[in-house]
Amino acid sequence: MRKSVIKAVYERVQGIPMISSARIDSSLASTHLHASVVWSQSNLATFKKVNFTQEVIIDKESLKGVHKSKVVQSSAEDLVREKLDTRVVVRSGTEKDEQYIELWTPDNLKQIFNLKEIDVHGKIYCDDTFGGLDLSDDLKRVVYVAEKKLPKSFSYMYQGKLPENSTQGNQFTYRQ
């Protein structure tokens, strides 16, 4: 088998959420059960497990779901926008300039992008003044405001081949 096929299958399987715990409460109403389900899913961009909670109300007679809440994740989010049933979230990582864009459906984390790996621009603005985040009407594009990508700078002593769009000797130049 080709490595790309194996990688695609692995990523798809790791993207399937699994129930890590559940709590069922029957005391709320005589005809319904209330279930609080904690799901776990692998996040291949951060190499961590993502846990999220979903509330479900089930009819006692038919055992069918009457209502299912949207997915709620417990960690802090920098910027969130929702359109229809899709939610886009910008989160900061543990390193200085690390940011992730997450796309959530009502049931799970659909896709995640590590912006440091993509390396197209600087940090996304998440403040109230300049920050902006939105989904296109067809839900195929994410629109946001980010810093301009600055050329990488290397010292005069650098011996290797310089990458494209880089400068030599400007690594300590002050920029606003």
| Single-linkage hydrophobic cluster Val120~Leu79, side-chain heavy atoms < 4.5 angstrom | yes
| said: Tyr144: which residues meet the side chain to side chain donor-acceptor pair (under 3.5 Å) condition with it, sequence neighbours left out? | reply: His121
| said: Taking the side chain as everything from C-beta on, heavy atoms only, tell me whether Glu61 gets closer than 4.5 Å to Thr31. | reply: no
| message | For Phe113, give me all partners under side-chain contact (heavy atoms from CB on, under 4.5 Å), at least two apart in sequence or on another chain. | response | Ile101, Leu103, Gln111, Ile118
| Yes or no on side chain to side chain contact (heavy atoms under 4.5 Å, CB included) for Lys83 and Val88, after CA distance, side-chain angles and deciding distance? | CA-CA 9 Å; Lys83 191 173 274 190; Val88 62; over 6 Å; no
| message | Going by salt bridge (Lys or Arg N to Asp or Glu O under 4.0 Å), name the residues that satisfy it together with Lys110, two or more places apart in sequence or in a different chain. | response | none
| query | Please walk me through it: do Leu33 and Asp25 pass side chain to side chain contact (heavy atoms under 4.5 Å, CB included)? | reply | CA-CA 6 Å; Leu33 296 171; Asp25 186 9; over 6 Å; no
| query | Do the side chains of Met18 and Val9 join up, straight or via other hydrophobic residues, at under 4.5 Å, putting them in one cluster? | reply | no
| request: With sequence neighbours left out, write down each residue that passes side chain to side chain donor-acceptor pair (under 3.5 Å) with Lys123, or none if nothing qualifies. | output: none
| task | Could you tell me which residues satisfy side-chain contact (heavy atoms from CB on, under 4.5 Å) with Ser4, sequence neighbours excluded, listed by chain and number? | result | Arg2
| message | Quick check for you: to the nearest 0.5 Å, what is the distance between Lys140 atom NZ and Thr86 atom OG1? | response | 12.5 Å
| request: Under the side-chain contact (heavy atoms from CB on, under 4.5 Å) rule, collect the residues that match up with Lys116, sequence neighbours excluded. | output: Glu95, Asn114
| message | Would a single hydrophobic cluster contain both Ile16 and Val5, if residues Ile, Leu, Val, Met, Phe, Trp and Tyr are joined by side-chain heavy-atom contacts under 4.5 Å? | response | no
| request: Walk me through it: do Arg81 and Leu135 pass the test side chain to side chain contact (heavy atoms under 4.5 Å, CB included)? | output: CA-CA 8 Å; Arg81 291 293 180 267; Leu135 281 161; 5.8 Å; no
| Atom CG of Leu84 and atom CG of Leu139: how far apart are they, to the nearest 0.5 Å? | 5.5 Å
| field | Residues in side chain to side chain donor-acceptor pair (under 3.5 Å) contact with Ser20, at least two apart in sequence or another chain | value | none
| For the student: nearest non-hydrogen atoms of Glu55 and Ser36, plus distance | OE2-OG, 3.2 Å
| task | Identify the heavy atoms of Cys126 and Gln99 that sit nearest to each other, and give their distance. | result | SG-NE2, 4.0 Å
| Where Leu109 and Glu102 come nearest, the two heavy atoms and their spacing | CD1-CB, 3.7 Å
| task | Carefully, step by step, assess Trp39 and Gln41 under the rule side chain to side chain contact (heavy atoms under 4.5 Å, CB included). | result | CA-CA 7 Å; Trp39 296 84; Gln41 184 175 355; over 6 Å; no
| request: Please name all residues satisfying side chain to side chain donor-acceptor pair (under 3.5 Å) with Asp59, sequence neighbours left out, ordered by chain then number. | output: Ser62
| request: Could you tell me the separation between the CD1 atom of Ile24 and the NE2 atom of His34, rounded to the nearest 0.5 Å? | output: 11.0 Å
| field | Hydrophobic cluster of Tyr100, others only, ordered by chain and residue number, side-chain cut-off 4.5 Å | value | Ile112
| field | salt bridge (Lys or Arg N to Asp or Glu O under 4.0 Å) against Asp119, all qualifying residues, sequence neighbours excluded | value | Lys149, Lys152
| request: Flag yes if Leu133 and Val143 sit in one hydrophobic cluster, no otherwise; membership is Ile, Leu, Val, Met, Phe, Trp, Tyr, and two members link when side-chain heavy atoms are under 4.5 Å apart. | output: no
| note | Sequence neighbours excluded, the answer for side-chain contact (heavy atoms from CB on, under 4.5 Å) partners of Ser21 is Val38
